[in-house]
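Here the structure comes first, spelled out in structure tokens, and everything after it is commentary.
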Amino acid sequence: MSGLSLFQLLNGVTFAALLFIVASGFTLIFGLLRIVNLAHGALYLMGGYCGYAVASASGNFFVGALAAMVCVGLAGLALDRGLLRFVGGNELRQVLLTLGVAFVVNDLLLVVFGGDTFTVPTPDFLRGALHVGTMFYPKYRLFVLGLGIVLFCVLWLMLYRTRLGALIRAGVDDPETIQAMGINIRRIFLLTFMLGAALAGLGGAVGGAFLTLYPSADAEILVFSLAVVIIGGRGSLLGAAVGALMVGLLNSIGQVMFPEFAYFVIFGPMALILAFRPYGLFGRAA
Amino acid sequence: MLDVREIHSFYGDAHVLHGVSLSVAKGEVRALLGRNGMGKTTLIRSIMNLTPPQVRAGDITFKGESLRGRPSNEIARRGIAIVPQGRRLFPSLTVTEHLTVLKPASVTTGWTVAKAFELFPRLAERRDHYGNQLSGGERQMLAAARALMIDPELILMDEPSEGLAPVMVQHLESIILELKAAGLSILLVEQNLFSALAVADQVTVLEGGRVVYEADAQSVAHDPGRLNRHLGVC
């Protein structure tokens, strides 16, 4: 239980950081705005391919990641204004609509990028391995871990220390009342939706560099994000962080110790948590 | 200033307001009285265009401009604030955030957080508490302070004295008089006749979605019997 398991532990934690990046966007949309956006995985994949294309063309990973955020944020704008506003408040219709969008986006990406596997090129200084204790660990995965932590802090400050965050919280508490106080809450919600989508795009660009991009990657990341948000509790940023850590660690432990039960190792505990805390670890009733 | 003319409001197929007309002049406090279920809150919601109900006929004008069909945030921006029934505070916001969410702390014109805390010193002591951690009286103060932050010319207060201890009701009355002295117009929904008469210039009574009585507060004081028949109190 030494070299290998520390390596696995770090794999779990860095995977958790990626999951947090994607799931934080999902928890903004699913938890705060109460929109069941099953196209979140497709937005991730779109961000991944966009990041790949721009990073390859420009030769700069960070330009690629930024392009992925902008591009997917705009896709979120189109999705919310163009489609989702017609099914507001009806969860079944949202599920069917966003699932349909996910299929369409996935097929369009298949047409453009084909079925090959791509890896987003990382910058030179993040290539190679870093000496960690008695072993070497990929620098890039440590970078993702740092990014996840920074993102958690930035989102927390945004939600709890800025006026925009207070507007979002007030809107989630009672949209009618904040609207009657002169605030255009639709605009705040649209902004939040675009931010959630942009985070999916960022996740795609970042994840596309170590999980690689392929046509069904969207469904896999969507299932992981759902597990993270359901375990952590809808709409809770801390819940998303803790949920991501649990899912990331369980996933890497499962893959090593019970490879044939890798999914069970994640979803078994999730079922158990839901049995005792139906709103997740940090969730509360709507 | 506010003119409601012959409005008909519906909850689905249920016809709740049957041609209600009412006006509030500048600097005037009008009390809107009536028993439960007579259409008082429906009227307030109709003015702000909060749906339901649906206003299907009639007109509502504020400073000469029609408000009908406008989104409620735009109506608020024209200078009408609401202190909703049941307060409707935000459980996830602190006392201070309830105020700064409507007007950034950097804006120093009109009502500011400091001025609101001056009017309600109790709120200053509770500034970091969340909306659901306040007593009934504090909640009402916060709902009123929040309404002031949009610098309204007219405040719609929907049963502000509901559930308050008598000493708090008195405090509320003095606040209403203070706001009136500052030139604000107030449409005050009340169940309590005496509380209403303590502050109102005009009294309107709703019954079954219709205006059945209208008078200035002085004449009510001279002949309370007629009003009491409509309210069914005493």
Side-chain angles (χ1 to χ4, degrees), chain A residues 24 27-34 81 85-86 88-90 155-192 195 232-240 279-280 282-286, chain B residues 41 44-52 67 70-107 110-111 113 128 130-132 142-152 155-156 158:
Chain A
S24 62
T27 208
L28 283 179
I29 292 171
F30 175 55
L32 292 181
L33 305 185
R34 314 238 163 246
R81 292 276 70 198
R85 72 183 168 119
F86 298 110
N90 186 324
L155 285 177
W156 192 89
L157 288 173
M158 192 272 287
L159 266 178
Y160 296 99
R161 288 291 178 270
T162 69
R163 183 164 171 254
L164 176 65
L167 280 169
I168 293 172
R169 280 178 288 139
V172 171
D173 280 347
D174 190 340
E176 182 183 79
T177 298
I178 192 74
Q179 172 113 12
M181 303 283 154
I183 303 295
N184 184 351
I185 197 62
R186 281 280 339 158
R187 217 174 59 197
I188 304 288
F189 281 172
L190 176 61
L191 216 63
T192 312
L195 175 64
R234 285 170 74 153
S236 163
L237 201 60
L238 188 63
Y279 297 106
F282 296 89
R284 54 172 197 199
Chain B
T41 296
I44 297 289
R45 291 181 62 86
S46 298
I47 294 170
M48 288 308 291
N49 194 21
L50 297 171
T51 53
L67 300 180
R70 299 197 177 278
S72 56
N73 56 311
E74 202 183 300
I75 293 173
R77 286 286 163 219
R78 284 163 186 245
I80 306 183
I82 181 170
V83 178
Q85 190 176 32
R87 286 61 149 160
R88 303 273 292 261
L89 300 178
F90 306 114
S92 321
L93 266 58
T94 63
V95 167
T96 309
E97 281 175 335
H98 272 84
L99 309 176
T100 53
V101 78
L102 298 177
K103 187 194 267 190
S106 54
V107 179
W111 283 92
V113 176
D128 292 326
Y130 284 90
N132 54 2
L142 183 54
R146 177 176 66 177
L148 291 172
M149 292 306 282
I150 69 170
D151 297 317
I155 304 185
L156 313 174
D158 198 348

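Throughout, a chain's letter reflects where its sequence line sits, starting with A, and its residues are numbered from 1.
- Identified by a heavy-atom distance below 4.5 Å to chain B, the contributing residues of residues 173-180 of chain A are A/D173, A/D174, A/E176, A/T177, A/I178, A/Q179, A/A180, in residue-number order.
- Applying the side chain to side chain contact (heavy atoms under 4.5 Å, CB included) rule to A/R187 yields the partners A/N184; only residues at least two apart in sequence or on another chain are considered.
- Comparing B/P152, B/S72, B/A76, B/A81 by heavy-atom pairs within less than 4.5 Å of chain A, the highest count is held by B/S72.
- Ranking B/T94, B/I82, B/L50 against chain A, the residue ahead of the rest is B/L50, based on heavy-atom pairs under 4.5 Å.
- In this structure, chain A has a heavy atom under 4.5 Å from the side chain of B/R45, while its backbone stays farther away.
- Contacts between B/T51 and chain A at a heavy-atom distance below 4.5 Å involve the backbone alone (N, CA, C, O).
- A search for side chain to side chain contact (heavy atoms under 4.5 Å, CB included) contacts involving B/A145 returns B/L99, B/A116, B/F120, B/L123, not counting sequence neighbours.
- Interface check for chain B: of the options A/L167, A/I185, A/V172, the most heavy-atom pairs under 4.5 Å are formed by A/L167.
- Within residues 157-165 of chain A, the residues that have a heavy atom under 4.5 Å from a heavy atom of chain B are A/Y160, A/R163, listed by number.
- Using a 4.5 Å cut-off between heavy atoms, B/I150 touches chain A through its side chain atoms alone.
- Options B/P71, B/A105, B/P84, B/P104 differ in how many heavy-atom pairs under 4.5 Å they form with chain A, and the most are formed by B/P104.
- Counting heavy atoms from C-beta outward, B/N73 and A/I183 have side chains that stay 4.5 Å or more apart.
- The two atoms that bring B/R77 and A/M181 nearest to each other are NH2-O, 4.2 Å, heavy atoms only.
- Comparing B/M48, B/H98, B/R146, B/E74 by heavy-atom pairs within less than 4.5 Å of chain A, the highest count is held by B/R146.
- Within the 4.5 angstrom heavy-atom criterion, only backbone atoms of B/T100 (N, CA, C, O) approach chain A.
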